[in-house]
Structures are given as C-alpha cells and as structure tokens.
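Encoded as structure tokens, the structure appears first; notes follow it.
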Amino acid sequence: MSRPRVVIVGAGFAGYRAARTLARLTRDRADVTVLNPTDYFLYLPLLPQVAAGVLEARRVTVSLPGTLRGVRLVLGEADRVDLDTRTVRYTDPEGRAGTLGYDRLVLAVGSVNKLLPIPGVAEHAHGFRGLPEALYLRDHVTRQVELAATEEDPGSRAARCTFVVVGAGYTGTEVAAHLQMLTDRLVRRHPLPGGPRPRWILLDVAPRVLPEMDERLSRTADRVLRARGVDVRMGTSVREATRDGVVLTDGESVASRTLVWCVGVRPDPLVEAVGQPLERGRLIVDPYLRLPGRADVFACGDAAAVPDLERPGEFTPMTAQHAWRQGRVAGENVAGSLGLGRRRRPYRHRDLGFAVDLGGVRAAANPFGVPLSGAAAGAVTRGYHLAALPGNRVRVAADWLLDAVLPRQGVQLGLVRAWSVPLDTASPEVARLPGGPERPAAQTGEELMTHKPRPEEPVKPEPGGGPARSRPGGEPARNQPGGEPAKNQPGGEPAGGGPGHTAPGPVERADPAGPADRTRETD
C-alpha cells in the first residue's frame with residue numbers, strides 16, 4: 001500500500017514547523033514534501049542585524065535539507081492549487097513547470113508587501129523582508145555615507161545622509177535603530193565636511209511608535225530613538241516619493257536618496273486564487289486549521305484566518321509567534337488525520353510577550369507581561385532569539401561577541417543591485433535575475449503593480465535567484481492605512497519589498513535596471 005502524500009507550500013515559520021512536526025510524528029510512514037523557493041528557513045527577526053553588519057547573512061538562515069530529515073524539498077513557487085484534483089502546480093527557479101499531487105495539503109504561503117496608492121512609492125522605495133533586501137540596504141546606506149564624505153555640494157551631501165523609514169511598527173523601529181547606529185559608525189570613519197551627523201526620519205500615521213504593543217514598550221523605544229537623534233514623527237506619512245526625496249503629508253519636502261518601506265503586508269495572492277472563503281484576504285479555517293468542507297486541506301500562518309478561542313469572534317493576528325505555534329498544531333492534526341499521530345486538537349495560544357531590539361545593548365521587552373528596558377531587556381531579547389532559532393545558535397552568539405569587541409566592517413559587497421530588489425514584488429527572498437521567468441507581482445487592493453524598467457536601459461547580468469514563493473514570517477503593520485497588525489519576534493516579525501521598476505528613487509540606483517520578470521513570495 002502506498003504511503004500518504006503530504007505537501008506543505010511554504011517554509012516560513014508556519015511551514016517549517018509543520019514539516020518538522022510531521023517528520024517527527026510520521027517517521028517515514030508518509031511522504032512529506034515542502035515546496036519553497038529557497039533551500040532555507042529565514043529567521044526574519046534578526047534581519048535588521050544583518051543589514052547593520054552585526055550578523056553575517058547565513059547566520060539567519062537554517063538549511064531545510066539539513067534540519068528536516070525525511071522531508072523532500074522541491075525548489076519552486078506555487079502557481080495554482082486545484083482542490084478538486086488534489087494537485088499543486090509550481091514553477092522552479094529555472095522557469096520549468098511541475099505538478100505535485102497530495103493526499104493532505106498544508107498552505108503556509110505567508111504574506112506579501114502591501115503597497116498603498118501613494119505616487120512614486122512603488123518606483124522609489126525598497127522594502128525589508130528578505131536577505132537580498134537586507135544586503136542591498138546595507139550596501140546602499142554605506143555607499144551614501146561614503147559618497148557624502150566627498151560630496152562638494154552641501155545640498156547633495158545632506159540628501160545622501162538623510163534616510164527615511166516609513167512605518168514605526170516592529171520592523172521599521174528596528175531598522176531605524178540599527179542602521180542609525182551603523183551610519184554613526186561610518187561617519188566616524190568617513191567624517192562629513194563640517195561634521196554633521198546622518199539624519200534618520202521615522203514616520204507613521206499612528207499616534208505612537210510600536211502602536212500594536214504595550215505603551216510602556218512604545219515609550220521606551222521612542223525615548224531611545226530620540227536620544228540617538230532619530231527624528232520620530234507620528235501622525236505623518238509620505239504623500240509622494242520621487243527620485244530626489246519625499247513629500248510628507250504635512251506638506252514638507254525632504255531631500256533624500258533613501259526610502260525604506262516598512263508599512264504592512266497582505267496575504268500572498270495564491271491564497272485568493274484558491275477560491276475559498278476569505279477574511280481580509282486570509283483563508284478562513286476552523287480551530288483545527290482545516291478549510292471548511294475540505295478535510296484534506298489545512299492552512300496556517302499568515303495565509304490563514306484562525307479563530308481566536310481566547311477572544312471569541314476574533315481571529316489571531318499575523319505574527320511569527322502565532323505562525324510558529326500554528327505550524328506545530330497543523331503538523332499534529334495532519335498526522336492525526338492520517339492515523340499516524342496523536343489526537344487532533346484545536347489551536348489555542350497564550351501570549352508570551354514582545355521584544356524589540358534597539359541596537360547595542362538596548363531593547364524593550366515584556367516577557368510574560370513583565371516590562372523591561374535597557375540592558376536587561378537586551379539580554380532577554382537575545383536569549384529569546386537564541387532559544388527560538390532552529391539552528392546556528394553558536395554562530396549567532398559568536399557574531400554577537402565579535403561585534404562587541406571588534407570594530408564592525410563597513411564595506412560594500414556589491415552582490416545585490418537596486419533593480420533586483422524592487423518594492424512591488426511578491427518574492428523578496430530571492431533577488432531578481434536578468435532574463436528570468438515572468439511572474440505576476442503582488443497585488444495591492446484592485447491594482448497589479450507592474451512597474452517595468454525603461455527599455456532603453458541596458459541589462460547587466462547579476463548573480464541572484466529566480467522565482468520565489470513561501471517565506472518565513474513577514475511583518476504586517478497596523479500603522480498605515482490599510483495595513484495589517486504588526487508582527488515579528490516573541491509575537492511579531494519583519495516586512496519587505498519586490499520586482500522591477502525603472503528607478504529606485506530615493507534609494508539610489510547603483511546600476512542599470514534589469515528586465516521586469518516577476519516573482520512571487522510567501523510566508
């Protein structure tokens with residue numbers, strides 16, 4: 001008798017945990033396959049430290065083949081799910097089509113960027129949701145400071161050293177905190193004429209920083225950022241973005257070469273294509289994480305609207321903490337439905353608290369509801385990450401130790417170009433390749449963002465990835481119109497960007513644009 005086939009689409013927090021749980025419970029009595037565009041699970045909460053040069057990029061990646069023993073990995077991006085024929089159609093990184101059949105399906109595709117109808121944002125901003133974006137942002141920020149050090153025009157110098165972050169949720173706050181410290185260190189090595197400091201502006205329409213978190217954490221983060229010189233502006237956002245800067249909603253024009261978009265996300269477009277009932281773009285599931293009327297299909301993480309049994313009538317928020325726990329319950333329930341594991345159980349949760357790394361030894365945390373700040377919060381935050389990481393703990397701890405005792409390396413690697421990490425993509429996990437297969441972009445409301453490079457611009461081949469889907473976590477944010485609840489960390493997670501456009505505007509292009517192939521992203 002053939003073994004039952006289980007297909008998991010996405011290897012983010014939910015998909016990775018579901019695969020690991022199934023591998024343990026089925027013990028080779030089922031064929032478990034993970035469909036994912038990369039061969040690693042990305043631990044998103046530490047991505048700001050990669051951008052700031054604290055951690056080496058591979059530290060936040062966990063090998064799927066190396067940690068999911070007995071699980072088959074298929075590299076590819078899901079294009080279509082047919083519930084009637086029980087098949088998943090996908091495209092691999094080289095553009096070839098494939099099909100996977102299943103007896104049980106787990107949809108853990110996660111979320112994609114939520115672009116708002118603000119002129120110029122899709123063309124001139126970059127997100128922060130994948131390794132390519134983090135590596136690009138580190139190079140870009142370093143380059144702007146180095147160019148400013150030799151810039152003769154004071155206006156151009158000031159624009160290069162002005163950095164705008166939109167979204168004061170978890171991701172935006174951490175990005176501003178870590179990269180502000182990075183630019184201060186860079187300026188000490190490359191002094192600017194006249195001795196000015198780089199200027200960081202953090203914007204949000206919400207009334208306070210970290211609006212989705214406890215007010216005490218919010219006050220701590222706000223105090224630390226302002227003490228470091230970050231210009232925190234609440235109740236303010238971007239009205240228009242151009243190549244030379246941004247116009248704010250209060251009418252002020254800010255000259256800048258850098259616009260980082262950390263506003264929010266929406267569920268992956270594949271979710272809508274499944275054709276089942278949705279709640280704000282997420283698949284409605286029962287407390288057992290099953291689709292109504294489809295006992296063979298489960299959904300978890302950002303793809304699923306899971307009833308909150310602790311708050312009747314509500315759904316659990318899109319956070320990494322929930323995705324990680326739902327992945328385990330999904331794995332157990334799938335195994336139980338096959339008669340290979342324990343009895344099925346509904347998803348229930350208890351908040352463990354939040355932690356926000358503010359760089360250096362500073363943080364804000366409330367583990368189990370106990371508010372902490374300063375070095376104590378920093379120790380709790382790093383301890384939490386080490387405990388939550390499925391791998392690389394020794395390497396991460398070693399990088400932290402080296403960063404504490406040695407000067408940080410402020411160099412450009414030049415591995416990722418601006419055109420390969422545009423904002424309007426559904427695949428920030430993998431940098432775009434010139435000539436790669438065409439992919440649909442992430443939709444925003446009724447629109448499909450399709451900004452393509454100017455045909456007269458030449459293409460320079462770059463090393464990079466292909467199509468992508470399914471990624472860990474992603475950070476929504478309730479701090480912008482149409483945004484979702486923020487996520488990251490002991491209860492939340494980061495946000496990011498997407499494919500081809502003509503000019504990354506304030507985030508200045510370092511090389512010509514590439515072709516407008518489209519990729520897709522997930523959990």
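Since this is a predicted model, take the numbers as computed values, not measurements. Both backbone and side-chain heavy atoms feed into the values below; hydrogens, waters and symmetry mates do not.
With values rounded to the nearest 0.5 angstrom, Tyr90 atom OH is found 10.5 Å from Asp79 atom CG. Atoms OG1 and CH2, on Thr183 and Trp200 in that order, are 6.0 Å from each other to the nearest 0.5 Å. Put simply, CZ on Arg348 and CG on Asp308 are 9.5 Å apart, with the number rounded to the nearest 0.5 Å. With rounding to the nearest 0.5 Å, the separation of OG1 in Thr319 from CZ in Arg325 is 8.0 Å. Note that the CG atom of Leu105 and the CG atom of Leu291 stand 8.5 Å from one another [nearest 0.5 Å]. Leu68 contributes atom CG, which lies 8.5 Å from atom CG of Leu73 (distance to the nearest 0.5 angstrom).
Side chain to side chain, Thr67 and Tyr16 meet the donor-acceptor criterion of an N or O pair below 3.5 Å. In this structure, a donor-acceptor pair under 3.5 Å is present between the side chains of Thr316 and Gln326. At a cut-off of 3.5 Å, with distance as the only test, no side-chain donor of Arg344 or Ser337 sits close to an acceptor on the other residue.
Proximity of Gln276 to Leu83: side-chain heavy atoms (C-beta onward) are separated by under 4.5 Å at one or more points. Within the 4.5 Å cutoff, no side-chain heavy atoms of Val106 are placed close to those of Val9. Put simply, the side chain of Val74 does not reach to within 4.5 Å of the side chain of Val34, judged on heavy atoms. Between Leu217 and Val356, the closest side-chain pair of non-hydrogen atoms is not below 4.5 Å. Looking at Ile118 and Trp261, their side chains come closer than 4.5 Å, going by heavy atoms from C-beta outward. Taking 4.5 Å as the limit, some side-chain heavy atom of Asn366 sits within range of a side-chain heavy atom of Phe354. No side-chain heavy atom of Val6 sits under 4.5 Å from any side-chain heavy atom of Asp31. Put simply, the side chain of Tyr288 reaches to within 4.5 Å of the side chain of Asn333, judged on heavy atoms.
Of all heavy-atom pairs between Glu279 and Ala305, the closest is CB-CB, 3.8 Å. Looking at every heavy atom in both residues, Pro317 comes nearest to Arg282 through C-NH1, 4.2 Å. For the residue pair Arg216 and Arg219, the shortest heavy atom distance occurs at CG-NH2, 3.1 Å. Considering all non-hydrogen atoms of both residues, Pro390 and Trp324 come closest at CG-CH2, 4.0 Å. Gly169 and Asp204 make their closest contact through N-OD2, 4.0 Å (heavy atoms, listed as atom of the first residue, atom of the second, distance). Here the closest non-hydrogen pair linking Leu289 and Cys300 is CD1-CB, 4.3 Å.
The backbone N or O of Pro269 sits nowhere less than 3.5 Å from a side-chain atom of Glu272 that would complete a donor-acceptor pair. No donor-acceptor pair closer than 3.5 Å links the side chain of Asn392 to the backbone N or O of Val396. Judged purely by atom type and a 3.5 angstrom limit, Thr173 uses its side chain to pair as donor or acceptor with the backbone of Ala168.
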Requested in this report: List the steps, then state whether side chain to side chain contact (heavy atoms under 4.5 Å, CB included) holds for Leu248 with Leu203.
Outcome: CA-CA 9 Å; Leu248 306 184; Leu203 307 173; 3.6 Å; yes
Query raised in the report: Please walk me through it: do His385 and Tyr43 pass ring-ring contact (aromatic ring centres under 6.0 Å, His included)?
Result: CA-CA 9 Å; His385 288 313; Tyr43 189 76; 5.6 Å; yes
Query raised in the report: Where do Tyr136 and Val421 land on the side chain to side chain contact (heavy atoms under 4.5 Å, CB included) test, with the steps shown first?
Result: CA-CA 8 Å; Tyr136 167 74; Val421 285; 3.8 Å; yes
Requested in this report: Evaluate side chain to side chain contact (heavy atoms under 4.5 Å, CB included) for Thr258 paired with Val260, printing each intermediate quantity in order.
Outcome: CA-CA 6 Å; Thr258 308; Val260 187; 4.0 Å; yes
Requested in this report: Kindly determine whether Glu174 and Leu358 satisfy side chain to side chain contact (heavy atoms under 4.5 Å, CB included), including the steps that lead there.
Outcome: CA-CA 6 Å; Glu174 283 206 336; Leu358 300 174; 5.6 Å; no
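Counting non-hydrogen atoms of other residues, nucleotides and ligands closer than 6.0 Å to CZ of Arg29 gives a total above 12. A 6.0 Å sphere centred on CZ of Arg208 holds more than 12 heavy atoms belonging to other residues, nucleotides or ligands. Environment of CZ in Arg104: crowded, with over 12 heavy atoms of neighbouring residues, nucleotides or ligands closer than 6.0 Å.
Under 4.0 Å is where a charged nitrogen must lie from a carboxylate oxygen, and between Asp103 and Arg5 at least one such pair does. At a threshold of 4.0 Å, the pair Asp296-Arg86 counts as salt-bridged, since one of the basic side-chain nitrogens sits closer than that to a carboxylate oxygen.
Checked against the 6.0 Å centroid threshold, Phe41 and Phe13 count as a close aromatic pair.
Tested against Ile8, the residues Thr33, Leu22, Val71 include a single side-chain contact (heavy atoms from CB on, under 4.5 Å) partner, Leu22.
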Can I get a per-line list of side-chain donor-acceptor pairs under 3.5 Å for residues 45-56, giving both atom names and the distance, sequence neighbours left out?
unit_1, atom_1, unit_2, atom_2, d
Gln49, OE1, Trp400, NE1, 2.7
Gln49, NE2, Asp357, OD2, 2.7
Glu56, OE1, Arg58, N, 3.1
Glu56, OE1, Arg59, NH1, 3.3

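Residue pairs meeting the side chain to side chain donor-acceptor pair (under 3.5 Å) criterion with at least one partner in residues 221-231, sequence neighbours excluded, are Asp222-Arg226, Asp231-Arg233.
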